[in-house]
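Quick notes on the structure that follows.
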Amino acid sequence: MDFFASLLHAYESAEKADLVDSQSQEKNRLLPIYHSSLKSNGKNIISISLDKKGNFIKADFLSDGEIIIYPVTFDSMARSGKDPAPHPLVDKLSYYVFDKNQSQYDSYHNQLKNWIQSCQDEQVKAYLSLIQKFILRSDFLSLILHSLFGEEVKQENLKVVNGKKTLDLSSCFIEFAVDNFIDQSTISVTNYKALHEDYIKYVDTLEGQMVVCNISGRKEPLATKHRGLLGNAKLISVSNNTEMYKGRFKEREDVFTVGTKTSEKIHLMLKFLLENDHTNTWLGGAQYLVNWFDDDLTNDSQLDITIPIIEEVDEWSTIPSTVITERKSVPFYIGETNRQISNSFVRGVKQFNNDSNYYVAIINKTSNGRISLKYYREIAASRLLENLNSWQNDYSWEFSKKGGGYYLKTPSFDEIIKVTYGVDRERFLEIDNDSFRSVQYQQLVTALLDGQEIPLAIVKKLESNLKQRYKYPNHWYQVQQVSLAILHKQNGRNFSPMLNHEIQDRDYLFGRLLAIYELLETQRYKIDGDSQERVTNAERYWTAYTGQPAKMMNHLENKVKPYEEALKLNRPGIFNKLNNERREVIELLSSKFMTKDFNQPLDYKFIFGYYAEKKYFYTKQNKESEE
């Protein structure tokens, strides 16, 4: 099923489930066809209350955050230009005022008159007639202004002086509500579903060229205009430049034939997905990811493939340490609850079935008039869960908690991208190029959903970043931990947070030795109480060490000698532990001294030796202090 067909299928499934125009969806309603919506900012929508006879009661600005729903025409849904077409009922105040724009005024009232005459529901017809009666009153505008600002209000056309402020009301939308209209209930244009249905029937009676829609396969009136989604940017559009299609097609509509109802359903479904908190993710720039399930259109499960849930783990010491093994083995403990995808990526109660389908797409606003489809995939939910589990198992690592202990974490896409390509700017790692960031997001989404490994370009860049610690004065810990999560299962090897004294890999051993040099110096600083402020020689010569480890090993040996003497006198126990570790590592390295690659640059494995040695030291220190 292609992207357009999947959106159409989703909308029609929502129709069958009575989710279209459902008032149960308070924040974001899936709109009926030929309708649009507008969100109030507290100053842009005026709500007018009438009684059952059409008499004016009051006018108020609609509260901030409230949403109105109203009918639109094909010309008005994406209107622009010098004489934009009016909506049939709810519109800007300027369309209701006789002397503001005669052409717009006449068009508005003719449209409303034609709808009322064709109205099939007598109750809806009575409702529309009440509104028509009120807006034709000569004192229509003064009633509204006096209700909003008082009898002494000063105005010039549609500009109102309120205190020291001048308000231009010409762009304010007018919403209508009739008190006690049905069963003592106040009925507004927004919540009057029967009115929406009647308008749809009215539009369907209008004449139009009938075609077979290329998407639905049904015979429908030809859609010559399509509604905008991100501003006026359209998902379906044809260039006005004839050279784009002449020679292959006679008319631009011949390129892709779409029916009006199909176009409306596709665009409204995508609009709903883009506005629903659980079905979209902003990827940077003007690029968005949208996703849904066959049986969970609103994604009430709140599954988010870009941000996994973390699991807290306080104890690792009981878990066997297997550092360099076959790909099939597990590098370190992942709790059984965390293995269940419903506890790892689903934030709500799992609403979808494993035999349902999951749809994901990435769209990009390429210009003010066009939206492009960058990526689309349909995948069985069961396969999705398998790929998410695999991703989690391959790219999780421990992160320290405040107050002690660790939590198991799979880095989010945003973290991976920022750690890989971001610049350290004190508060955050930042990426200035939104377009580049969007491309990286797309590659990660593709890799995860297709069951592939993280792109090699990201892996190589992380390996390079680990050797340039000086670039990350504020966010080194984040760079280190995310890199460990991504790299610990590369090239058929599995690395664990736990130290394995039997490992004889050169890079791993040099990483251990680097950690020992750093610990010797920091433990000396702790005697004076300033360990948090000093930069160690291990950190200072980090890049040089990873480039020429054998040469810099001798250099660092000389650098730490003064610190060793202080530790021997003040912290002999700590010195002996670190010295024993150093002696063990150097003994293991000595067997490799004559190999030709002994002083070659280190590969990424050094960071696992470095991390494991430091964890071993601090874990052992904590255990001994508790005994």
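The first residue in the sequence is number 1, and the count goes up from there.
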Could you list the residues that satisfy side chain to side chain contact (heavy atoms under 4.5 Å, CB included) with [X], not counting sequence neighbours?
{"X": "Gln351", "result": "Asp296, Asp300, Ser301, Val349"}
{"X": "Glu151", "result": "His146"}
{"X": "Gln443", "result": "Val439, Gln440, Pro455"}
{"X": "Ser367", "result": "Arg370"}

Checklist entry - How would you list all residue pairs meeting salt bridge (charged side-chain N to carboxylate O under 4.0 Å, His left out) that involve residues 420-434, not counting sequence neighbours? => result Arg425-Glu430, Arg425-Asp432
Item to check | Residue pairs passing the salt bridge (charged side-chain N to carboxylate O under 4.0 Å, His left out) test where at least one lies in residues 165-182, sequence neighbours excluded | outcome: none
Checklist entry - So is Lys350 actually on top of Phe352's ring, under 6.0 Å and inside 45° of the axis? => result yes
Checklist entry - Should the pair Lys92 and Phe173 be classed as cation-pi, given the thresholds of under 6.0 Å to the six-membered ring centre and 45° from the axis? => result no
Checklist entry - What residues, two or more places apart in sequence or in another chain, satisfy ring pair (Phe, Tyr, Trp, His ring centres under 6.0 Å) together with Phe436? => result Tyr421
Item to check | Partners passing ring pair (Phe, Tyr, Trp, His ring centres under 6.0 Å) against His226 (at least two apart in sequence or in another chain) | outcome: His267
Are the side chain of [X] and the backbone N or O of [Y] linked by a donor-acceptor pair below 3.5 Å?
{"X": "Arg377", "Y": "Tyr359", "value": "no"}
{"X": "Ser147", "Y": "Ile144", "value": "no"}
{"X": "Asn214", "Y": "Val258", "value": "no"}
{"X": "Asn291", "Y": "Val360", "value": "no"}
{"X": "Gln478", "Y": "Val419", "value": "no"}
{"X": "Thr420", "Y": "Ile416", "value": "yes"}
{"X": "Trp282", "Y": "Gly285", "value": "yes"}
{"X": "His9", "Y": "Phe4", "value": "no"}
{"X": "Asn364", "Y": "Thr366", "value": "no"}
{"X": "Asp183", "Y": "Ser185", "value": "no"}

To the closest 0.5 Å, what do you measure between [atom1] ([X]) and [atom2] ([Y])?
{"X": "Ile417", "Y": "Thr306", "atom1": "CD1", "atom2": "OG1", "result": "9.5 Å"}
{"X": "Met269", "Y": "Leu8", "atom1": "CE", "atom2": "CG", "result": "11.0 Å"}
{"X": "Cys172", "Y": "Leu148", "atom1": "SG", "atom2": "CG", "result": "8.5 Å"}
{"X": "Thr260", "Y": "Lys265", "atom1": "OG1", "atom2": "NZ", "result": "10.0 Å"}
{"X": "Lys234", "Y": "Ile236", "atom1": "NZ", "atom2": "CD1", "result": "11.5 Å"}
{"X": "Gln132", "Y": "Ile135", "atom1": "CD", "atom2": "CD1", "result": "6.5 Å"}

Item to check | Pairs flagged by side-chain hydrogen bond (donor to acceptor under 3.5 Å, both in side chains) wherever residues 109-131 is involved - sequence neighbours left out | outcome: Trp115-Asp198
Next on the checklist: Strictly by side-chain hydrogen bond (donor to acceptor under 3.5 Å, both in side chains), give each pair with a member in residues 47-57 just once, sequence neighbours left out.
Outcome noted: Asp51-Asn55
Strictly by modelled atom types, are [X] and [Y] linked by a side-chain donor-acceptor pair under 3.5 Å?
{"X": "Thr73", "Y": "Ser76", "value": "yes"}
{"X": "Gln104", "Y": "Ser94", "value": "no"}
{"X": "Thr262", "Y": "Ser216", "value": "yes"}
{"X": "Ser438", "Y": "Gln442", "value": "no"}

State, yes or no, whether a side-chain contact exists between [X] and [Y] at a heavy-atom distance under 4.5 Å.
{"X": "Pro32", "Y": "His35", "answer": "yes"}
{"X": "Leu38", "Y": "Asn44", "answer": "yes"}
{"X": "Tyr288", "Y": "Ile371", "answer": "no"}
{"X": "Tyr34", "Y": "Leu268", "answer": "no"}
{"X": "Val211", "Y": "Glu220", "answer": "no"}
{"X": "Leu429", "Y": "Tyr472", "answer": "yes"}
{"X": "Asp91", "Y": "Tyr96", "answer": "yes"}
{"X": "Leu89", "Y": "Tyr199", "answer": "no"}

Next on the checklist: Aromatic contact between Tyr95 and Tyr105, with the criterion being ring centroids under 6.0 Å apart: yes or no?
Outcome noted: no
Item to check | side-chain hydrogen bond (donor to acceptor under 3.5 Å, both in side chains) against Glu197, all qualifying residues, sequence neighbours excluded | outcome: none
Does atom [atom1] of [X] have more than 12 heavy-atom neighbours, drawn from other residues, nucleotides or ligands, at distances under 6.0 Å?
{"X": "Asn368", "atom1": "CG", "result": "no"}
{"X": "Lys365", "atom1": "NZ", "result": "yes"}
{"X": "Lys261", "atom1": "NZ", "result": "no"}

List the atom of [X], the atom of [Y], and the distance in Å for their closest heavy-atom pair.
{"X": "Leu31", "Y": "Tyr11", "result": "O-OH, 2.8 Å"}
{"X": "Asn157", "Y": "Leu141", "result": "O-CD2, 4.3 Å"}
{"X": "Ala14", "Y": "Leu30", "result": "CB-CD2, 3.5 Å"}
{"X": "Asn28", "Y": "Phe272", "result": "ND2-O, 3.0 Å"}
{"X": "Arg29", "Y": "Asp21", "result": "NH1-OD1, 3.1 Å"}
{"X": "Ser263", "Y": "Ala223", "result": "CB-CB, 4.1 Å"}

Checklist entry - Got a salt bridge between Arg227 and Asp75, using NZ or NE/NH1/NH2 to carboxylate O under 4.0 Å? => result no
Next on the checklist: Looking at Arg218 and Glu12, is there a salt bridge between them, counting it only when a charged N and a carboxylate O are closer than 4.0 Å?
Outcome noted: yes
Item to check | Residue pair Lys409, Glu415: steps toward the salt bridge (Lys or Arg N to Asp or Glu O under 4.0 Å) verdict | outcome: CA-CA 11 Å; Lys409 177 179 178 180; Glu415 287 177 301; 2.5 Å; yes
Could you tabulate the donor-acceptor pairs under 3.5 Å formed by side-chain atoms of residues 56-70, not counting sequence neighbours?
from, atom 1, to, atom 2, distance (Å)
Ser63, OG, Glu66, OE2, 3.4

